[in-house]
Number of protein chains: 2
Amino acid sequence: MSQDRNDDALASLCKALGHPARVAILRHLLQVDRCICGEIVSILPLAQSTVSQHLKQLKEAGLIRGEIEGPRICYCADKERLAELKNLVTAL
Amino acid sequence: MSQDRNDDALASLCKALGHPARVAILRHLLQVDRCICGEIVSILPLAQSTVSQHLKQLKEAGLIRGEIEGPRICYCADKERLAELKNLVTAL
DNA sequence: GGGCCTTATCGTATTTTCACGAAATACGAT
DNA sequence: ATCGTATTTCGTGAAAATACGATAAGGCCC
């Protein structure tokens, strides 16, 4: 079959969502459209540094983006990437 | 919000698919409908015991089922569970 | 510039994942 | 009962994930 590429792509996207905190972050971002890091920290029962790491993983997977906005950073979900995930999952 | 339940459910399903080998296994099972463990082992470049561990994780996530069939074990994908995953992802 | 706020990174400890070979288990055939 | 085949489980070690506090880096305001 050798769908190795797709396998890797799906696996890495899934891996990024393989933690409840990251799912919660993504879901929140989709609900509010965009919000600053601090807001996410205040929602989750995790230390700020831990949340920052989760954000980093989501960012590396391409599922979210962060824009510097003055002194803070505004995060938003990358809907294209999310659509890609949906396609890959649906195509299973 | 408190979609914590869904978050956990999606996270654990995604975690199960968070490794290329497991994606490959699931995809193969969906293509051939059902097949024995040994066939899966022969497809992947991994030791037999390693494959068995991946199968175990997929089984624990409910994505596949294994039925004893004489001396071997016949695996098949659990399409209901897969549909659940698709729903959770699509609902994002 | 100095302080303040926000976020990322570092260092670290604990836990979990991943992979393997070896041993155990289960079954059919002889 | 013994042998061979098929799978799982066990034990292990290396690597990665998870979480935290402390520290750094960047931008604002006075």
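Below, chains carry the letters A, B, ... as their sequence lines are ordered, and counting in each starts from 1.
- Between A/Ile64 atom CD1 and C/dA8 atom P the separation is 9 Å, expressed in whole Å.
- Ion pairing between A/Arg72 and A/Glu69 fails under the 4.0 Å rule for side-chain N and carboxylate O.
- Looking at A/Asp8 and A/Lys15, no side-chain N of the basic residue comes within less than 4.0 Å of a carboxylate O on the acidic one, giving no salt bridge.
- Nucleotide C/dA26: paired with D/dT5 (Watson-Crick or G-U wobble, both distances less than 3.5 Å).
- Rounded to an integer number of Å, the gap from CD of B/Gln57 to P of D/dA17 is 14 Å.
- Rounded to an integer number of Å, the gap from CD1 of A/Ile73 to C1' of C/dT9 is 12 Å.
- A/Gln53 comes within contact range of at least one nucleobase, with a heavy-atom separation under 4.0 Å.
- Within residues 11-19 of chain B, the residues approached by DNA chain C to less than 4.0 Å at the level of any non-hydrogen atom are B/Lys15, B/His19, in residue-number order.
- Whole-Å rounding puts the A/Leu46 CG to D/dG21 C1' distance at 14 Å.
- In this structure, A/Arg22 and A/Leu63 have side chains that are not in contact, with every pair of non-hydrogen atoms separated by 4.5 Å or more.
- Using a cut-off of 4.0 Å between Lys/Arg side-chain N and Asp/Glu carboxylate O, B/Asp78 and B/Lys59 are scored as not salt-bridged.
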Inset, instruction - Could you run through nucleotides 23-30 of chain C and give me one letter per nucleotide, 5' to 3': B if any protein heavy atom sits under 4.0 Å from the base, S if only the sugar-phosphate is that close, - if neither? - result: ----SS--
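- Scanning both residues, A/Leu58 and A/Ala16, for their nearest heavy atoms gives CD2-O, 3.9 Å.
- Across all their heavy atoms, B/Arg65 and B/Ala77 have their closest contact at NH2-O, 4.4 Å.
- Residue A/Ile40 contributes atom CD1, which lies 14 Å from atom P of C/dT6 at whole-angstrom precision.
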